[in-house]
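Note that these values count all heavy atoms, side chains included, but never hydrogens, waters or copies made by symmetry.
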Amino acid sequence: MAQNSTVLICGEQEEGKITAVTKELLGVGKILAGGLNGKLSALIIGSDIRDSGEEAIVYGADNVYLVEDPLLSQYNPDSYTTAITQACQQIGPSVVLLGHTTMGRDVAGRVAFRLGCFPCMNCTNLDIDSKSLVQTRSVYGGNAIAVVVSRDSQLQLATIKPRAMTPLEPDSSRKGEIENIKVKIDDPAIRTKLVSTTKEEVEGIKLEDARVIVAGGGGIGDAEGFQLLQDFARILGGAVGTTTVPYDEGWVPTTSMVIGDSGKTVKPDLYIAIGIRGASQHITGCSESKLMVAINKDSDAGIFKVSDLGVVADYRKVLPPLIERCKALLAT
Amino acid sequence: MNIVVCVKQVLDPEMPTEKFRLKDNQVISPEGIPLVINPCDAQAVEAALRVKEKHGGKITAITVGTDESKEVVRRALAMGADEGIILTDDAFAGSDSLATAYILAQAIQKIDAVDLVLCGREAADWSMGIVGPVLAERLNLPLITLAKNIELLDNNILKVERIIPDGYQVFEVSLPAVLTVSNEIGLPRLPTGMGIINAVRKEIPVWSNQDINTDVSLIGANAEGLKLLSLSMPERERKCEIVGGETPDEVAGNLAGKLRVAGVI
Ligand SMILES: Cc1cc2nc3c(=O)[nH]c(=O)nc-3n(C[C@H](O)[C@H](O)[C@H](O)COP(=O)(O)OP(=O)(O)OC[C@H]3O[C@@H](n4cnc5c(N)ncnc54)[C@H](O)[C@@H]3O)c2cc1C
Ligand SMILES: Cc1cc2nc3c(=O)[nH]c(=O)nc-3n(C[C@H](O)[C@H](O)[C@H](O)COP(=O)(O)OP(=O)(O)OC[C@H]3O[C@@H](n4cnc5c(N)ncnc54)[C@H](O)[C@@H]3O)c2cc1C
């Protein structure tokens with residue numbers, strides 16, 4: 001494989017627009033390319049994707065490779081793994097970055113294996129230290145942060161945690177070449193079939209965008225309790241989040257509201273944790289909230305150690321009057 | 001159905017955060033905190049048991065570890081798995097995800113006519129989530145990750161619901177295949193009394209590198225793909241002001257007032 005210090009990001013697009021994580025990949029990719037004295041290239045896969053190639057340049061790519069193939073119009077683990085691997089072999093980058101997304105986390109391990117390198121998954125920070133990729137990630141359910149470096153600097157591959165890195169400001173004066181490259185995907189290589197996709201989006205404000213989050217855990221006790229949390233969130237103009245327990249118990253219908261290690265990372269202005277113990281796997285997803293408030297009936301609960309304001313009480317007793325008080329304040 | 005489930009032993013991820021300690025870039029096993037089966041792996045065993053209940057078959061639980069790892073295999077047996085295998089050898093010590101996948105692949109190839117290999121979505125300690133995918137590559141089998149529901153259709157086709165951030169995708173794959181199982185599959189069953197007795201009685205074969213013939217240059221600490229520079233604990237602690245009051249209404253009023261002062265409502 002040629003050694004030309006290219007940082008290659010595997011971008012993703014939806015309906016011709018590059019996704020948020022793609023902009024983040026370009027943002028961090030630019031820094032790494034600087035550290036390597038190399039260039040930042042973007043790879044985009046699909047069909048009808050030329051516009052997204054131009055957008056990638058606006059967000060920092062020095063050049064773009066498009067792989068357009070009818071077989072790639074829809075995500076498929078087999079065809080995408082093959083396409084990304086072949087594209088990397090043709091381009092010869094020294095660093096390959098993907099988002100830790102539906103696509104990225106699915107293909108990264110296999111792409112890395114086929115290219116003969118070690119994949120480092122879900123990184124929250126990336127840096128270059130004398131040609132080597134320094135990777136920071138959360139381990140032990142958020143209890144610890146590991147900084148690791150690839151032993152082999154020839155080719156290094158990582159996925160980045162969405163929302164952990166900063167995109168560049170778009171600049172339409174940036175110029176770069178957009179080039180189509182061809183890959184060969186055999187039908188027999190496609191062994192899995194995507195039959196359907198079902199969205200379970202929660203109504204109202206998206207958790208990731210909410211300024212206020214009311215989160216409930218195992219202490220909520222039943223589905224009716226979550227109704228009360230919904231009311232509270234609506235009044236505050238916020239969204240409801242959960243730990244994993246309410247889904248396991250069947251009080252909420254989906255895991256799309258889960259915050260933490262296996263769910264979403266949020267940074268609202270106000271986070272109100274109700275009936276939540278404060279397990280590291282949960283806190284890792286909300287610890288950057290500006291103001292953390294805990295309501296828990298156990299004064300020893302770990303959640304108080306990571307909160308700014310706390311109420312030691314049964315939430316069923318304090319939440320109804322709290323809703324009324326907030327309503328009254330918001331009316332003034 | 002011949003199902004293999006890969007199970008890993010981990011430090012109990014549900015232990016209280018304050019018990020988690022580091023020394024010299026290493027996690028120190030806190031006293032009184034047991035090693036447990038990785039939660040997603042218990043869920044993978046659960047998924048296998050659900051398939052077996054409907055379609056019959058045999059479940060083999062397999063782990064790469066030390067003698068101590070017998071306990072995770074026993075846990076799987078107590079839940080209802082039929083066989084267990086322990087892969088242990090000095091040469092395996094310190095293996096990373098790629099090496100672990102290679103060791104598992106060599107072992108699985110020794111087991112007759114495997115239809116389905118299940119892994120957890122990720123190990124609760126290092127959470128790379130790549131043993132399953134690399135195992136699929138090694139075995140040259142198709143892979144579906146993040147399964148939350150699986151159903152065997154006719155013609156040896158498996159229907160898999162795969163978790164995505166706001167919903168799920170449905171995939172079909174013909175067997176044999178490798179899956180990684182996500183926690184959305186639901187709580188795993190607890191072992192029964194009979195299950196525990198069976199698990200204790202069961203002979204669990206121990207395989208060493210002689211049994212599976214891995215190339216030792218690709219496994220163990222020397223083959224590690226990453227070097228650890230540092231391991232630290234995040235600073236998350238805040239100073240918590242407890243808001244009080246005589247009655248719930250007074251507490252609520254005081255809290256609402258503070259939220260107003262902070263400018264967040
Ligand atoms: C690999 C892995 C990944 C994980 N990922 C996540 C993740 O992404 N997000 C996540 O949240 N968890 C995750 N978990 C689970 C996590 O470890 C904890 O089990 C979980 O966060 C605990 O949820 P909880 O605090 O709501 O529940 P519990 O442990 O049940 O705690 C309930 C709390 O509510 C309090 N309480 C009870 N009744 C009341 C009442 N009436 N009023 C007020 N307080 C009350 C109790 O005192 C207690 O503190 C993960 C675990 C693993 C192993
Ligand atoms: C730099 C570095 C330092 C490390 N230091 C340590 C350390 O000090 N102590 C330590 O315990 N670990 C350490 N690890 C982690 C260890 O290398 C991995 O845990 C191990 O190789 C498995 O990979 P994973 O955790 O990424 O598994 P994942 O890919 O997340 O596992 C996914 C699934 O694969 C299967 N699986 C994984 N491992 C096994 C296994 N052993 N047997 C059977 N099935 C399995 C399970 O089904 C699991 O759910 C370190 C890793 C790195 C990168």
S.K.: Please examine the side chains of B:Ser127 and A:Val139, heavy atoms only from C-beta on, and report whether any two atoms are closer than 4.5 Å.
M.R.: no

S.K.: Does any backbone or side-chain atom of B:Lys239 lie under 4.5 Å from a heavy atom of chain A? Answer side chain, backbone, both or neither.
M.R.: backbone

S.K.: Can you say whether B:Asp12 sits under 4.5 Å from chain A via the side chain, the backbone, both, or neither, judging by heavy atoms?
M.R.: neither

S.K.: May I ask you to say whether A:Glu288 pairs ionically with B:Arg236, meaning some side-chain N is under 4.0 Å from a carboxylate O?
M.R.: no

S.K.: Counting N and O atoms only, with roles assigned by atom type, does the side chain of A:Arg110 sit under 3.5 Å from a partner on the main chain of B:Val134, one being a donor and the other an acceptor?
M.R.: no

S.K.: Looking at A:Ala328, A:Ala144, A:Ser256, A:Ser132, which makes the most heavy-atom pairs under 4.5 Å with chain B?
M.R.: A:Ala144

S.K.: Do side-chain atoms of B:Arg121 reach the backbone of A:Ser262 as a donor and acceptor pair under 3.5 angstrom?
M.R.: no

S.K.: Relative to chain A, which segment of B:Val160 carries a heavy atom at a distance below 4.5 Å: side chain, backbone, both, or neither?
M.R.: neither

S.K.: Does any heavy atom of chain A fall under 4.5 Å from the side chain of B:Lys148, the backbone, both, or neither of them?
M.R.: side chain

S.K.: Could you check whether B:Glu172 pairs with A:Lys193 (Lys NZ or Arg NE/NH1/NH2 to Asp/Glu carboxylate O, under 4.0 Å)?
M.R.: yes

S.K.: Tell me, side chain or backbone of B:Val251 under 4.5 Å from chain A's heavy atoms, or both, or neither?
M.R.: side chain

S.K.: With only heavy atoms counted, which part of B:Ser182 is less than 4.5 Å from chain A, the side chain, the backbone, both or neither?
M.R.: neither

S.K.: Only pairs of heavy atoms separated by less than 4.5 Å count here; which of A:Met292, A:Lys317, A:Gln156 has the most with chain B?
M.R.: A:Met292

S.K.: Considering only heavy atoms, which portion of B:Leu229 lies under 4.5 Å from any heavy atom of chain A: side chain, backbone, both, or neither?
M.R.: both

S.K.: Tell me if a side-chain donor or acceptor on A:Gln281 pairs with a main-chain N or O of B:Pro13 at a distance below 3.5 Å.
M.R.: yes

S.K.: Salt-bridge test for B:Asp166 and A:Lys199: reply yes if a basic N is under 4.0 Å from a carboxylate O, no otherwise.
M.R.: no

S.K.: Considering only heavy atoms from C-beta outward, does the side chain of A:Tyr140 approach that of B:Val10 to under 4.5 Å?
M.R.: no

S.K.: Please look at B:Leu146 and chain A and tell me whether the side chain, the backbone, both or neither of the residue comes under 4.5 angstrom of a heavy atom of that chain.
M.R.: side chain

S.K.: Using non-hydrogen atoms only, which part of B:Tyr168 is less than 4.5 Å away from chain A: side chain, backbone, both, or neither?
M.R.: both

S.K.: Please classify the contact of B:Leu158 with chain A as side chain, backbone, both or neither, using a heavy-atom distance under 4.5 Å.
M.R.: neither

S.K.: Is it the backbone or the side chain of B:Ala124 that comes under 4.5 Å from a heavy atom of chain A, or both, or neither?
M.R.: backbone

S.K.: So for B:Glu161, is it side chain, backbone, both, or neither that comes closer than 4.5 Å to the heavy atoms of chain A?
M.R.: neither

